[in-house]
Amino acid sequence: MSSSKDPSLSPADAASDEAAEAQKLHELLMQFSREEDAKVAEREAAIAKNRARALQLLAVLEKSQA
C-alpha cells in the first residue's frame, strides 16, 4: 500500500516516503540494467569463443581433406 494513502502521515512525510520509494525503485532498475549489460558482455565473449573454435575445427577439417 502506498504511503501517500496512510492518513496518519502528514503530506510532507508522505512525499518523503514516496521519494524514498522512488529512489529504491530507481536503484533496482539501475542494478537490473547493469546485470543485463554484464550478460550481454558474457554472451559476446561466448560467441567469440565459439567462433574461434569453429574456425579451428574448419581448419582441421579442410586440412584433413587436402
Side-chain angles (χ1 to χ4, degrees):
M1 182 162 93
S2 178
S3 58
S4 64
K5 296 180 182 185
D6 187 345
S8 66
L9 293 177
S10 71
D13 288 339
S16 177
D17 284 352
E18 286 181 9
E21 192 171 314
Q23 180 64 30
K24 288 178 188 176
L25 288 174
H26 176 74
E27 289 172 6
L28 286 172
L29 286 171
M30 292 302 295
Q31 178 184 350
F32 178 76
S33 179
R34 286 188 295 272
E35 290 170 358
E36 284 300 303
D37 288 346
K39 289 178 185 176
V40 167
E42 289 173 7
R43 283 191 297 267
E44 287 174 351
I47 289 168
K49 187 176 182 180
N50 287 339
R51 184 176 295 124
R53 287 180 183 167
L55 290 173
Q56 288 175 344
L57 178 58
L58 181 60
V60 168
L61 289 172
E62 288 176 345
K63 192 174 186 179
S64 70
Q65 290 180 351

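Starting from 1, each residue takes its place in the sequence as its number.
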(request) Would you please name every residue forming a side-chain hydrogen bond (donor to acceptor under 3.5 Å, both in side chains) with Q23, sequence neighbours left out? (result) E27
(request) May I ask you to list the residues sharing a hydrophobic cluster with L29, side-chain cutoff 4.5 Å, ordered by chain and number? (result) none
(request) Please identify each residue that fulfils side chain to side chain contact (heavy atoms under 4.5 Å, CB included) with Q31, with sequence neighbours left out. (result) L28, R34, E35
Anything under 3.5 Å between a donor and an acceptor, one on a side chain of residues 36-57, the other on a protein residue two or more places apart or in another chain? List them.
{"unit_1": "E36", "atom_1": "OE2", "unit_2": "K39", "atom_2": "NZ", "d": "3.3"}
{"unit_1": "N50", "atom_1": "ND2", "unit_2": "A46", "atom_2": "O", "d": "3.4"}

